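Keep in mind it's a predicted model, so treat the numbers as computed, not measured. Note on naming: letters A, B, ... go to the chains in the order of the sequence lines (proteins, then strands), and numbering restarts at 1 for each one.
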Amino acid sequence: MNFGFKIINWYSENKRDLPWRNSSDPYFIWLSEVLLQQTRVDQGIGYYLRFINKFPTVLALANSSEEEVLKLWQGLGYYSRARNLHFAANQVINEFNGEFPTQYKEIIKLKGVGEYTAAAISSICFEESVAVIDGNVFRVLARFLAIDPPIDSTLGKKEFKKIANELIKTHLPSVYNQGIMELGALVCTPKLPDCENCPINNSCISFSQNSFLNYPVKSKKTKQRKRYFNFIIINHFDKYYIQKRVGKDIWQNMYQFPLIETNSEMIEWNKAFENISIDYISETIKHILSHQIIYAKFWFAKTNTLDFKAASNWELLELDELKEKPLPKLIENIFYEYPQLSTK
DNA sequence: AACCCGGGGCC
DNA sequence: GGCCCAGGGTT
């Protein structure tokens, strides 16, 4: 019995019962796939259920606002996924006459849909024979065949793609693709893989060499940049100023308290705020992102002068209104940390 | 090809 | 602290 049949048999007996399985509606599969990009299944399930409840159809999603979608995405990270999801829903309505595209070459035209997601949708929903290659597949194939080229190199990607698309032949694409990913997620895990219970352990090269933890090979390592954020929380007659993040940076189109970013933890208090009395300064909060370490301080201030001059891009909102905006986790957390910001 | 984009879980 | 997660877009 070969690789693919063993995986399919294993999958049929061991697959998890996930909310988007047992459906082949491309809208649901697309939504689940985008939600799960760089995201663990356990983390994505709740978001998936809330999304299909609020946006049962691609038309409902297209008719919403980007801000609504970002709000529902809040806390999950990689928010370009949410913006692109909303954009792509409108592509389906306007460029595909409201019908979700059915072929890989069309599906991949949707914003936020790359090779992996197009392969997943076209195979799972339409049985197109194109192999998915995600982190799980890289790991399973790299270990099974002891493939040395790094998965983040151009050469490596080409080789994995060639092998994956050879292995999927003669198998039902939807089952094979989900099977190999499920094996990577449940058995061939990054750390402590369960090789004893793996259906293909007797022909796994790295297992026979006891070298499975050396695979997959990766060449690049992520480096983190340090940033220093000073947010000022200005109470103005029990309303608060916020601003929308624009430009090409983290948390694009989400909201925050007015921010002064500095090059070090020291801040020379800006003259723009010399008329504001600071009541309290928070401890430094370390907020870790994949490529950045943010050291944040929150400056609590109050001004009840009627002619307080706010910056032009600030909005003055009630706490309740503020919390309806899409907020980065760092900002959302503040409401739990500081009781004075809890809604009455 | 290199860089950018979140947040959480696990060791 | 480092690695990884059902990756994709931009430059």
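Crowding of A:Lys325 atom NZ: a count of heavy atoms from other residues, nucleotides or ligands under 6.0 Å exceeding 12.
Mapping A:Lys191 and A:Pro328 onto DNA chain B by nearest heavy atom places A:Pro328 closer to the 5' end of the strand. Both A:Gly112 and A:Lys218 lie near DNA chain C, and the one whose nearest nucleotide falls closer to the 5' end is A:Lys218.
With 3.5 Å as the limit, one finds no donor-acceptor pair spanning the side chains of A:Thr117 and A:Glu33. Defined by atom type and a distance below 3.5 Å, a donor-acceptor pair is missing between the side-chain atoms of A:Gln103 and A:Ser122. In this structure, a donor-acceptor pair under 3.5 Å is absent between the side chains of A:Glu182 and A:Asn14. Between A:Tyr240 and A:Asn235, the side chains place a donor N or O and an acceptor N or O closer than 3.5 Å (distance only, hydrogens not considered).
Residue A:Arg21 is in base contact, counting any heavy-atom pair closer than 4.0 Å across all strands shown. Nucleic acid contact class of A:Trp73 (heavy atoms, under 4.0 Å, all strands): none. Across all strands, A:Ile124 comes closer than 4.0 Å to no nucleic acid atom at all (heavy-atom distances). Here A:Lys329 lies in heavy-atom contact (under 4.0 Å) with sugar-phosphate atoms only. Using a 4.0 Å heavy-atom cutoff across all strands shown, A:Lys109 reaches no nucleic acid atom at all. Nucleic acid contact for A:Val137: none, since no nucleic acid atom lies under 4.0 Å from a heavy atom of the residue. As judged by a 4.0 angstrom heavy-atom cut-off over every strand, A:Gly184 is placed among residues making no nucleic acid contact. Across all strands shown, A:Ser153 has no heavy atoms under 4.0 Å from either base or sugar-phosphate atoms. Among the atoms of the strands shown, base atoms are found under 4.0 Å from some heavy atom of A:Leu76. A:Gly77 comes within 4.0 angstrom of a base, heavy atoms only.
Ring to ring, A:Tyr295 and A:Phe229 are not that close: their centroids are 6.0 angstrom or more apart. In this structure, A:Phe257 has its ring center no closer than 6.0 Å to that of A:Phe300. Residues A:Phe100 and A:Tyr27 place their aromatic rings such that the two centres sit no closer than 6.0 Å. Taking the six-membered ring for Trp and the full ring otherwise, A:Trp299 and A:Tyr280 have centroids separated by 6.0 Å or more.
Look at the P atom in both C:dT11 and B:dG6: the space between them is 15 Å, to the nearest Å. The separation of C:dA6 from B:dC4, taken at their P atoms, amounts to 25 Å, rounded to a whole angstrom.
Here B:dG9 presents its C1' atom at 15 Å from CG of A:Leu36, a figure rounded to the nearest Å. At whole-Å resolution of the value, CD1 in A:Ile288 and C1' in B:dG9 are 13 Å apart. To the nearest angstrom, C1' of B:dC5 lies 10 Å from CZ of A:Arg81. Distance, A:Leu192 CG to B:dG9 P: 19 Å, rounded to whole Å. In this structure, A:Asn253 atom CG and B:dC5 atom P are separated by 14 Å, rounded to whole Å. In this structure, A:Ile293 places its CD1 atom 16 Å from P of B:dG6, rounding to the nearest Å.
In this structure, the side chain of A:Arg81 engages the main chain of A:Gln37 through a donor-acceptor pair within 3.5 Å. The backbone N or O of A:Asn214 sits nowhere less than 3.5 Å from a side-chain atom of A:Ser211 that would complete a donor-acceptor pair.
Distances shorter than 4.0 Å separate some side-chain N or O of A:His287 from OP1 or OP2 on B:dG7.
Residues from residues 37-63 of chain A placing a heavy atom under 4.0 Å of any atom in DNA chain C, listed by number, are A:Gln37, A:Gln38, A:Thr39, A:Arg40, A:Val41. Of the residues in residues 155-168 of chain A, none has a non-hydrogen atom less than 4.0 angstrom from any atom of DNA chain C.
If you walk DNA chain C from 5' to 3' and mark each nucleotide with an atom closer than 4.0 Å to a heavy atom of chain A, the marks span C:dG1 to C:dT11.
A:Asp249 is linked by a side chain to side chain contact (heavy atoms under 4.5 Å, CB included) to A:Arg227, A:Arg245, A:Gln292, counting only residues two or more places apart in sequence or in another chain.
Residue pairs satisfying the salt bridge (charged side-chain N to carboxylate O under 4.0 Å, His left out) criterion with at least one member in residues 138-154 of chain A, sequence neighbours excluded, are absent.
Side-chain atoms of A:Leu183 and A:Asn136, non-hydrogen and from C-beta on, never get closer than 4.5 Å to each other.
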Return the polar atom pairs (N/O with N/O) between nucleotides 2-4 of chain B and the protein under 3.5 Å, or none.
none

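A:Glu315 has no carboxylate O lying under 4.0 Å from a charged side-chain N of A:Lys244, or vice versa, which leaves the two without a salt bridge.
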